[in-house]
Each structure stands twice: as structure tokens, then as C-alpha cells.
Amino acid sequence: MSESLEHHLQHPVFAAIAKAAKQLDQPVYVVGGFVRDLLLQRPCKDIDIVTVGDGLILAEQAARLLKPSLTVSTFKNFGTAHFNYEEYDVEFVGARKESYSRDSRNPVVEAGTLEDDQNRRDFTINALAISLNESNFGELIDPFDGLADLNQKLIRTPLEPADTFSDDPLRMMRAIRFSSQLNFRIDEITYAGIEESAQRIKIVSAERITDELNKIILSPVPSIGFKLLFNTRILHIIFPELVKLHGVEFRDGKGHKDNFYHTLKVLDNVAEVSNDLWLRWAALLHDIAKPATKAFDEVEGWTFHGHEFLGMKMVKPIFRRMRLPLDQKLKYVQKLVQLHLRPIALTKEIVTDSAVRRLIFDAGDDLEDLLTLCRCDITSRNQEKVERFKRNLGEVEKKVRDVEERDRIRNFQPVVDGQEIMDLFGLSPSREVGLLKNALKDAVLDGIIRNNREEAINFVVEKGRELGLQPVN
Ligand code: ATP
Ligand code: MG
């Protein structure tokens, strides 16, 4: 007998569910992720409730006991109901039994017992339940030894892996995701099952795959998940562009770095300093065009000229295929991929204020993130080299801060705009207006004039004269 978990279920929400279940005479349990996370002492705000009976009626009754005005949303098609109470998101479902047939992707679902419900769950650590019933409130119900697997940090399917993965191939990615999130090992037999069924991931929708992929990207050490995806060959199906980064080619005894493992190192580095999903995506994609731009030059050795530009171009089709947002987030990732070499390039020349101003202008509000990406992009086995590159980048960052402080260029807008230029010369919208606007912007960014009205107007008038234009008064 395991000790009672009652002391973990002190929140009023559990008492209300227990009371409602007793009134309705329906056995009730907390199951799945909440129980797993509670035993791992990870905070979890999603509570999944299973009852042997009608989940919708139980949800209504529990909600009434908690607060008469609480809204319950019900999803009749799925037989689930849901409410929010304080910090918790509570979902109710009637215990069910699932059977899959070979020729249909969708399971036949019927009412079942708690045991049936535990049987259809993906991993032993996700099949744990805690009773909320009066007779044994707080008792752990663990048919597959999930507690032992939690202690051993092991991902294992309760039933035959082949059947589990064939019923829902997304479970293969879930196994890898949990392994990455929790730093758990995947049991050998389960792992062999994934290798065997990898191809079946093809039948899963892009949205579900991307959800898991994002959770892998957001895990503390994302490379754990990506190496598993690669080794099981799931990555070959869902993300072939990344697989192409793998491997090293030699010519005249010269090799280049393995861009797959380099990319994963950069992603892990970013993960250490930022939880932002999109900065992590930028890390994952920063070198994505290296295979397509790779060339060998007698003098220079291996080159990847223009990979930042082609890489930027590759982001959108990847985002579209993966059903990732095509809005500001896409633009942000594109921008970081395109600019990822710029700060480093600045360390290799004499840094002019003009070059620094242009970098600040081009990166805008994403400048800090760009510098973070660059710092994380410095990977080498040679620690001395890493330190030297970091010092150089530090110099650039300092310069950026100095120039930024002095010129406030980040959200730079010239003090004289297109309309004023047209008024000045009595022009209608035309090529000349564009030319003058650009010349003005360059003059300010290059430090030829300062960004004030007087200097800007003088500059535009003079430039206009060079183009044969006359100010109207
Ligand atoms: P997280 O909430 O961190 O994504 P979770 O394990 O709670 O992890 P959910 O998707 O919230 O995952 O699902 C809750 C529970 O439902 C799981 O713990 C598991 O028992 C079960 N479950 C979810 N998806 C599947 C699946 N594809 N196959 C079998 N059981 C599943
Ligand atoms: Mg959950």
C-alpha cells in the first residue's frame, strides 16, 4: 500500500468534486498529467477528472457546490465538460474504453471502468489515478507500476508498444517530448517500438505534431528531444530540412562542422537564457540554408555564402507546412535568421559608427534577441576560441550601447517625411521622392548630418537641386 496523497488534495476544488460524486453516487478519480506532475513536484494547473458515469452531470454539480455562478462549458461530442476555478483548469470525462480497428483511424469509444480508462493511456506514468471517493480518498491507483517508473525516470507504454503506437502514432512524439521535458529515459522495448513505427507519424495532422515539437523546443534541454527524433528517424519525416544539416564532408583533408549538432548546441544555449519559443525557433533555423549554399573553395575552404538570406526565405514555407503563425512571429524569426551574422561580422572589421547605426536600425526592437542569438551561436570545441569570440562580441555590444545612447536610432524615423519632401518641391508621389527619402535616411545613419529639422531640410534641398528640382518658395 502506498501512502495516502490526501494532503496534496486540500484545495476546495477536490472536496467539491468528491462531494458532488458522492451525491450522484459516481466513483471519481484524478488522473493523468496532474497526478504525474504532483508526484514529480512540478506545479500543474490542469486537473483531469474521470468518473464512472456521466462526466457532464458531475461537472455541473461540482461547479454548483463551488460557486453557483461558475460557468461550465460542455463538449457533448467528446463527452467532456470543463470549468475554471481559481488557478485551476478542471476537465471532466466519463471513464471510457477505446478499441481501434485496423482500417479506421478513429477509435470506437464506449463507456467503461476506471481500469479501461487507464488502459487506453499512453505511458505508465500517465496512467496513474488518485481516488476522490470517501472510502479511500487520496489513494493512488497504479495498475502498471507507474510510480516505480517515475522514480526510475522511465517512459514506458503500459501495453505492447506496437499496438500503442499504431493506435495513435502521435504517442511516439509524446514519448520523446516527455523524455526531453522531464529528462527521462525511454524504455528499450518502447524505444524499439518507436523505431519500428516511425513511418506511421505520417498519418498524424500537422497541428498535433507541431504542438509536440513546440513542447520539445520549450523543454530545458531541447537537444535531448531532437536527437531522439533524429535517431528514431521521425525527424526525417516531419522535418527533413534539419536532417540535411547532419553530417560532415571532407575535401583536401578539410571538413566543416556538423551543422545539425551545431544547431542543437545553439538551441540548448538559447534555452539556457530564454524561454521565448520564437527566439528558440530562430536558433533552430538560423543555419537552415547551409546545405543548400555549401561550396568548396580552394582558398577559403568550405563556404556557405548567403545562407542567412536563403535561410530567411526558407522560414515561411516551413512555418506554413507546420501550421505555425504567419504573422509577426514569422517576421521576427525571418529577421533573426537574416541578420544572425551581422553582429559577428562587425567584430571582423574596424567598427564604424555608421555600421553600428545600420545594425541598430535593421534589428529595431529585436536587437537584444539578435545579440543573444549571436552569443549562443559561438560554439567550438576550442574553449580559447570561444572566449576570444565572446570578448569580441562583447566589444560590439558595448559599441552598440554607446551609439544607441547617443543617437537613439532604434525606432528611427527621419524628422522630415515624404509628404514634406513633396510639399517642399511641389512634387506628386514619384521616384524622386523615394530617392530623396532614402538619401536622407542614409545621411543620418551614416552620420553625415544630425537628425534635426534644420539639417534635414537643408540636406533635402541640396540633394533636390542635384536632381534638378527647385524648392517652390
Ligand atoms: P501536458 O499537459 O504537459 O501536455 P499531459 O500528460 O497532461 O501533458 P494532456 O494532453 O494534457 O497531456 O493529456 C492528459 C492525459 O491524457 C495524459 O496524461 C494521458 O494520460 C492522456 N493522453 C493524452 N494524450 C494521449 C494520447 N495521445 N494517447 C493516450 N493517452 C493520452
Ligand atoms: Mg495536461
Side-chain angles (χ1 to χ4, degrees), residues 29-51 55 75 78-84 87-100 105-109 112 114-130 140-147 149-150 153-184 186 190 193-194 197 200-201 203-205 207-220 222 225 234 275 277:
Y29 309 86
V30 194
V31 286
F34 184 86
V35 181
R36 177 198 68 221
D37 288 345
L38 184 147
L39 292 167
L40 288 173
Q41 298 175 344
R42 294 172 91 226
C44 177
K45 300 292 165 216
D46 295 337
I47 305 177
D48 286 310
I49 299 291
V50 162
T51 180
F75 307 92
F78 299 102
T80 62
H82 162 272
F83 62 68
N84 289 305
E87 73 267 37
Y88 290 116
D89 214 317
V90 195
E91 179 141 341
F92 293 78
V93 64
R96 47 178 108 168
K97 185 174 173 168
E98 266 168 22
S99 51
Y100 291 78
R105 275 196 227 162
N106 298 323
V108 181
V109 182
L114 171 68
E115 197 186 334
D116 291 329
D117 205 274
Q118 285 175 300
N119 276 331
R120 71 181 180 85
R121 292 179 182 264
D122 48 5
F123 306 110
T124 60
I125 60 167
N126 285 346
L128 298 158
I130 304 175
L140 186 69
I141 302 158
D142 179 12
F144 306 112
D145 239 349
L147 190 59
D149 289 345
L150 270 184
K153 298 168 151 270
L154 199 62
I155 312 283
R156 190 165 61 86
T157 59
L159 311 173
E160 266 300 302
D163 295 338
T164 302
F165 296 136
S166 148
D167 286 348
D168 178 4
L170 185 76
R171 292 169 181 164
M172 299 186 286
M173 280 194 75
R174 283 175 55 89
I176 291 171
R177 183 258 286 195
F178 287 120
S179 174
S180 198
Q181 256 181 351
L182 305 173
N183 194 15
F184 274 32
I186 300 178
T190 300
I194 299 178
S197 306
R200 299 262 299 160
I201 199 69
I203 68 165
V204 178
S205 73
E207 287 83 354
R208 294 181 80 207
I209 290 176
T210 296
D211 268 355
E212 295 301 326
L213 199 62
N214 281 340
K215 286 180 181 173
I216 292 171
I217 293 173
L218 283 173
S219 57
I234 289 179
N275 288 324
L277 177 63

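When a ligand or atom number is given, it counts from 1 through the structure's own listing order. Keep in mind the model is a prediction, meaning the values are calculated, not measured.
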Return the set of residues passing ring-ring contact (aromatic ring centres under 6.0 Å, His included) with F83 (not counting sequence neighbours), or none when no residue passes. F92
Any side-chain heavy-atom pair from R120 and K97 closer than 4.5 angstrom? no
All salt bridge (charged side-chain N to carboxylate O under 4.0 Å, His left out) counterparts of D122, not counting sequence neighbours: R174
Using the salt bridge (charged side-chain N to carboxylate O under 4.0 Å, His left out) criterion, which residues pair with D37? Sequence neighbours excluded. R42
Show the protein residues that qualify under the rule heavy atom under 4.0 Å from an atom of ligand 1, listing them in chain and number order. G32, G33, R36, D48, R120, R121, D122, N126, D168, R171, R174, R177, F178, R208, K215
Are K45 and Y88 in a cation-pi setup, meaning NZ or CZ lies under 6.0 angstrom from the ring centre and within 45 degrees of the ring axis? yes
Should R200 and D168 count as an ion pair when the cut-off is N to O under 4.0 Å? no
